[in-house]
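Below you'll find the structure, written out as structure tokens, and then a few comments.
One-based numbering along the sequence shown. Each ligand, and each atom within it, is numbered from 1 in the order the structure gives.
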Amino acid sequence: MNVADRQFKLRRSIEELGPWFQNLKLHGIETAPDHFLGDYPAFKWRGFQHVLPDDLEGRSVLDVGCNAGFYSIEMKRRNAGRVVGIDSNPKYLRQARFAADELGMTDIEFRQLSIYDVGQIGERYDLVIFMGVLYHLRHPLLALDLLSQHVVGDQMLFQCLQRGDERVPTLNENYDFSEWAIFDKPEFPKLFFIENSYSGDPSNWFIPNKAAVEAMLRSSGFRILDNPEREVFLCEKTGEPMAEHWL
Ligand SMILES: C[S@@+](CC[C@H](N)C(=O)[O-])C[C@H]1O[C@@H](n2cnc3c(N)ncnc32)[C@H](O)[C@@H]1O
């Protein structure tokens with residue numbers, strides 16, 4: 001098959017597997033060139049990629065909500081060892097398998113699995129990537145607790161849509177039952193609930209402000225190591241979720 005025929009066949013396969021959310025470049029052909037955020041997620045990745053080592057030296061990676069595999073592929077490019085991508089949507093997993101194969105990364109594993117079932121995985125990963133998923137979940141703190149309890153071995157790269165006040169207040173350990181005013185402060189940790197739709201997407205359920213993101217991460221047993229850009233956090237697992245005390 002000559003180059004033009006190969007390009008034609010590739011374009012047709014990309015089209016058949018679409019629509020794509022992630023814009024991947026497969027032998028010069030883009031999978032989602034008209035993404036509403038631009039060259040997504042490559043342009044985001046360029047802003048925080050420095051927080052991970054250029055050489056992952058064979059470390060294991062779990063990419064949760066991997067979509068078409070952008071981050072799984074980038075981790076392989078950085079010499080990760082075992083890379084596993086999970087997503088609840090088989091349509092995205094077909095895209096991920098296709099893209100990884102096209103790029104010769106046949107050893108990346110993709111599995112259909114909901115985040116709520118990560119307890120079935122039965123192993124921990126040096127790095128868990130959890131980007132752009134939390135606000136799509138009806139049970140966000142449960143998801144963070146499950147990741148902490150079952151799969152994060154060392155670090156987690158995390159991103160969540162954030163809205164509201166960007167300040168992070170210093171809070172008391174406790175407030176009296178009669179305290180009401182604190183809840184009206186814009187910077188108090190808040191998790192906005194979207195009953196219907198945000199940005200035309202009915203799967204956006206809970207959108208935290210910055211203080212709530214940081215508090216939720218801590219509450220699930222993570223310490224924030226870096227916040228290289230708005231909404232992106234590199235964390236390490238340091239303890240157990242607070243839920244341990246209450247369940
Ligand atoms: C906004 S996309 C983010 C994709 C990718 N992580 C990124 O940052 O570009 C959200 C992804 O989470 C997946 N997802 C949603 N709910 C999930 C769940 N309960 N378990 C696993 N994946 C889920 C969706 O199918 C989708 O691929």
Side-chain angles (χ1 to χ4, degrees), residues 17-25 30-49 51-52 61-77 80 83-100 108-121 125 127-152 155-163 194 197-208 213 220 228-235:
L17 286 164
W20 296 64
F21 174 70
Q22 290 183 332
N23 189 36
L24 306 180
K25 283 110 187 161
E30 296 188 301
T31 57
D34 302 322
H35 197 290
F36 78 107
L37 291 173
D39 184 12
Y40 180 89
F43 88 92
K44 291 288 287 176
W45 171 231
R46 281 194 288 277
F48 58 83
Q49 59 181 353
V51 290
L52 294 180
V61 178
L62 178 70
D63 183 4
V64 177
C66 62
N67 201 267
F70 176 89
Y71 290 107
S72 299
I73 289 166
E74 290 302 323
M75 294 308 104
K76 263 288 161 202
R77 287 191 171 130
V83 177
V84 179
I86 62 168
D87 203 289
S88 54
N89 189 331
K91 188 190 86 177
Y92 289 137
L93 290 167
R94 279 194 291 278
Q95 296 177 352
R97 181 72 276 150
F98 175 81
I108 302 180
E109 298 165 46
F110 292 106
R111 278 177 70 182
Q112 187 178 357
L113 195 72
S114 167
I115 188 162
Y116 301 119
D117 296 323
V118 290
Q120 293 174 12
I121 291 180
Y125 291 77
L127 174 66
V128 169
I129 296 182
F130 186 40
M131 305 285 290
V133 184
L134 193 80
Y135 50 97
H136 290 299
L137 302 175
R138 286 180 65 90
H139 310 287
L141 205 51
L142 173 63
L144 281 173
D145 283 356
L146 289 169
L147 292 178
S148 175
Q149 274 178 322
H150 297 290
V151 290
V152 179
Q155 296 190 342
M156 179 171 78
L157 185 64
F158 172 80
Q159 184 266 340
C160 182
L161 179 67
Q162 268 173 217
R163 288 294 180 265
I194 312 294
S197 186
Y198 179 67
S199 186
D201 185 344
S203 78
N204 288 323
W205 291 111
F206 286 100
I207 307 178
V213 168
S220 293
E229 70 159 48
R230 220 188 140 264
E231 299 189 351
V232 178
F233 296 84
L234 181 67
C235 313

Is the side chain of Arg138 donor-acceptor paired with the backbone N or O of Ser203 at a distance under 3.5 Å, no angle test? no

Quick note on ligand 1: atoms under 4.0 Å from a heavy atom of Asn89 include exactly 25 (O)

Return yes when Leu113 approaches ligand 1 closer than 4.0 angstrom through a heavy atom, no otherwise. yes

Looking only at protein heavy atoms, what sits closest to atom 23 (C) of ligand 1 is Ser88 OG, 3.2 Å

Check: Judged by non-hydrogen atoms, does Phe21 sit under 4.0 Å from ligand 1?
Finding: yes

The atoms of ligand 1 lying under 4.0 Å from a heavy atom of Met131, numbered in the order shown, are 3 (C), 5 (C), 6 (N), 7 (C), 8 (O)

Atoms of ligand 1 under 4.0 Å from any heavy atom of Leu137, numbered from 1 in the order shown, are 16 (N), 19 (N)

One finds that the ligand 1 atoms under 4.0 Å from a non-hydrogen atom of Tyr40 are 7 (C), 8 (O), 9 (O)

Ranked by distance from atom 19 (N) of ligand 1, the top protein heavy atom is Ser114 OG, 3.4 Å

Here the atoms of ligand 1 under 4.0 Å from any heavy atom belonging to Asn67 are 4 (C), 26 (C), 27 (O)

In ligand 1, the atoms that come under 4.0 Å of a heavy atom of Val133 are 12 (O)

(Q) Does either side chain, that of Gln159 or that of Glu231, offer a donor lying less than 3.5 Å from an acceptor on the other one? (A) yes

Check for me whether Tyr71 has a heavy atom closer than 4.0 Å to any atom of ligand 1.
yes

Inset, instruction - Output yes when a side-chain donor or acceptor of Asn204 lies under 3.5 Å from a complementary backbone atom of Tyr198, and no otherwise. - result: yes

Near His136 (heavy-atom distance under 4.0 Å), the atoms of ligand 1 are 1 (C), 10 (C)

Item to complete: Check whether any N or O atom of Ile115, backbone or side chain, sits under 3.5 Å from an N or O atom of ligand 1, and answer yes or no.
Response: yes

May I ask you to decide if Pro41's main-chain N or O and Gln22's side chain share a donor-acceptor pair within less than 3.5 Å? no

the protein heavy atom lying closest to atom 9 (O) of ligand 1 turns out to be Gln22 NE2, 2.8 Å

Sorted by chain and number, sequence neighbours left out, salt bridge (charged side-chain N to carboxylate O under 4.0 Å, His left out) with Glu30 holds for none

Any nitrogen or oxygen of Asp87, side chain or backbone, less than 3.5 Å from one on ligand 1?
yes

If we number the atoms of ligand 1 from 1 as shown, the ones under 4.0 Å from a heavy atom of Gly132 are 1 (C), 2 (S), 3 (C), 10 (C)

Check: Is Tyr125 reaching over with its side chain to a backbone N or O of Val84, donor-acceptor style, under 3.5 angstrom?
Finding: no

